[in-house]
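Report on the structure given below.
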There are 2 protein chains.
Amino acid sequence: MTKHFLTERNLKSLRIFCAAAEAGGFSAAERTLALSKASISRHIRDVEEVLGVKLCERGPGGFRLTVSGIAALKQAQIALDALSRIKLEVDEVKGLLSGVIRIGMTEHIINKQYDLPGILRQYAQLAPDVTTDVRVMTFAQINHALRERTIDIAIRGRYEQDHLFHFFPLFEERQRLFVLEGINPQGLPLIYRPHPFVYELLATGHHPKGPSASGLEAVACLIASGCYVGILPETYAAEVWDYGRLVPVQTQDCYVNIVSAIIEKNRPPSAAVELFLQLLQQHSCLTPSSSKR
Amino acid sequence: MTKHFLTERNLKSLRIFCAAAEAGGFSAAERTLALSKASISRHIRDVEEVLGVKLCERGPGGFRLTVSGIAALKQAQIALDALSRIKLEVDEVKGLLSGVIRIGMTEHIINKQYDLPGILRQYAQLAPDVTTDVRVMTFAQINHALRERTIDIAIRGRYEQDHLFHFFPLFEERQRLFVLEGINPQGLPLIYRPHPFVYELLATGHHPKGPSASGLEAVACLIASGCYVGILPETYAAEVWDYGRLVPVQTQDCYVNIVSAIIEKNRPPSAAVELFLQLLQQHSCLTPSSSKR
DNA sequence: GTTTGTTACGATTTACGTAAGAATT
DNA sequence: AATTCTTACGTAAATCGTAACAAAC
């Protein structure tokens, strides 16, 4: 009994055997393989030893495959073909998953219930050849950028129906009206920022329009001054607790919206975008498709 | 740019990559592969270099395949599977084409129009694991051996219909009544041997029954004595010309029969017999299936 | 004599393990 | 501190080509 299994070392010998069979002899294969007859002879002898059969008759009288040799040749070609296909397959995946993915998002997407940094890390690991470009933008900038296609995918709250976009719900965000602790919010000016909830509250007339603020931190600063009320995400207000005692105005309802991944409807998503979308949805707390891996 | 193609050396690395992916890390694969981490690391680095992609993220943080890695893993498993199947395939063929093939034949099957030695040589090359057993037998012995299954296949002339046997025509053999040159054959005793043509001629009563002979050479000797007539194949009579002037008796018709390969009908032929039969028929001058190789 | 494949031997190449280093948990 | 992977280096093994040999045409 010799060795029982073929290894990749034997595959080399099999490749040489295939070449010899196609060339019709060792001397002819010598040129195509750029290998000495001695080596070819050894290789074929090794395979025959492992397989326990004679693969071919050879000698000055000519070259002829045995029945076993024909079977071995056929199977070896399948293996070699599969081997050569690996690179093609990988190249295809590599080609699809390369380039740039441009992500636009509003502030404060990062929070404890949705691990966007973790998703980005996972994405970078899964598709290391894709350059990821992430930028924080305002609500209006995001819509413009999506239409202009200067970003590929957006992450923001969904407030309106828009037939131009596809929405993929990710998690729920709750915003409330906040005021400095101990201050009576009644009639205080509302800090203005371009956001649907601000518009909505101003429309009620309960609060006059106050100073404009750009960015959640600016809003928080102005609220903490005690002169204004402002709308903030609950989780963000909790985070900036240390800077001042921001408390929700109890008389006011909670604004709930669904933070979603958004792509333009008329634009077929690239493989890179599709993979990112898939990861985002896998981590979603809303869809039932929240499986692991 | 690095190397463009995967070779069998890389397949070894791919097998190690597969094992690492299944084990879920290098340290775990270390045991299953009986290989040091250092080697595993090198192997996977090499494959990544050839493929130009990162196959997996690894580190103290854990092990995770990239999308390219998943594709590579899948294809590599196909190649490895094909490789492992080679031995199974060859073993099957080897198992079928081994053992003994027992061939019974009459005298003088070898002649210029049918190259039986060449067929036997080709058979030995195609199926080197089959032990070939060839024996010359008389007509009666062949029939008996076929029925008793002490031979697997016979080669002899076909004179009768026999529902117990399958006949595969190979070539035409012509036999005639011969006499020594210058001798009047009329009324001379016919050399007896157990053969249908002898029985047939004796039944006509033109010649009395002469001495018994065993073997064509014995018949030729007796004819050359000038005292008898005898039936011989034309080609054989031509070969022994030098031993004496044997000439055909012109008044007598030529006996024609079809030399055939014969197997017992109720016995399914083994793969070894089937292959031999196939070779015999390939060289046949009678059937239209006489193609090359 | 020429062609074809096999075996022997020395030189190069390759691969492995040990051990030390770097990075993460 | 413990784990996981990577890199460096010396040693062991496999592979190749040259060359001598045997066999068939």
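Lettering follows sequence order; numbering is per chain, from 1.
Contact between the side-chain N/O atoms of A:Arg45 and the OP1/OP2 oxygens of C:dG5 is not found at any separation under 4.0 Å. For D:dT15, neither phosphate oxygen OP1 nor OP2 lies less than 4.0 angstrom from any side-chain nitrogen or oxygen of A:His43. Dashed line: the shortest gap from a side-chain N or O of B:Lys37 to OP1 or OP2 of C:dA19 is not under 4.0 Å.
Here the P atom of nucleotide C:dT13 and the CG atom of B:Asp46 are 17 Å apart, to the nearest Å. Per the geometry, NZ belonging to A:Lys54 stands 12 Å off C1' belonging to C:dT6, to the nearest Å. When rounded to the nearest whole Å, the span between CD1 of A:Ile40 and P of C:dT4 equals 12 Å. The separation between A:Glu30 atom CD and D:dC16 atom P is 13 Å, rounded to whole Å. One can place CG of B:Leu35 at 14 Å from P of D:dT6, the figure rounded to the nearest angstrom. For B:Arg64 and D:dT4, the CZ to P distance is 17 Å, given to the nearest whole Å. Protein atom CZ of B:Arg42 is 8 Å distant from nucleotide atom C1' of C:dG17, rounded to whole Å. Taking atom CZ on B:Phe26 and atom C1' on D:dT6, their separation rounds to 9 Å, with Å as the unit.
The side chain of B:Pro60 lies closest to D:dT4, out of D:dT4, C:dA8, D:dT6. For B:Ser36, taking side-chain heavy atoms from C-beta onward, the closest of the listed nucleotides D:dC16, C:dT6, C:dT18 is C:dT18. Ranking D:dC16, C:dG5, D:dC5 by closeness to the A:Arg58 side chain, first place goes to C:dG5. Listed candidates were D:dT4, D:dG17, C:dG5. Nearest to the side chain of A:Ser39 is D:dG17. Listed candidates were D:dC5, D:dT15, C:dA15. Nearest to the side chain of B:Arg9 is C:dA15. Counting only heavy atoms from C-beta on, B:Ala38 has its side chain closest to D:dA8 among C:dC16, D:dA8, C:dT4.
Taken to the nearest 0.5 Å, the CD atom of B:Gln75 stands 10.5 Å off from the CG atom of B:Leu6. Taking NZ of B:Lys12 as the reference point, atom CG of A:Leu11 lies at 13.0 Å (rounded to 0.5 Å). Rounded to the nearest 0.5 angstrom, B:Phe276 CZ and B:Gln122 CD are separated by 10.5 Å. Interatomic distance, B:Ile110 CD1 to B:Ile155 CD1, rounded to the nearest 0.5 Å: 10.0 Å. Atom CG of A:Leu83 and atom CD1 of A:Ile78 lie 13.5 Å apart (nearest 0.5 Å).
Residue B:Ala34 is classed as a sugar-phosphate contact, given heavy-atom separations below 4.0 Å to backbone atoms only. Backbone-only contact: B:Ser27 has heavy atoms under 4.0 Å from sugar-phosphate atoms and none from a base. At a threshold of 4.0 angstrom between heavy atoms, the contacts of B:Gly62 with the nucleic acid are absent.
Each of A:Ile16 and A:Gly61 was assigned the nucleotide of DNA chain D with the nearest heavy atom; the assignment lying further toward the 5' end belongs to A:Ile16. DNA chain C is contacted by both B:Lys12 and A:Ala28; A:Ala28 maps to the nucleotide lying nearer its 5′ end (nearest heavy atom per residue).
Between B:Glu107 and B:Arg135 there is no salt bridge, since none of the side-chain N atoms of the basic residue sits less than 4.0 Å from a carboxylate O of the acidic one.
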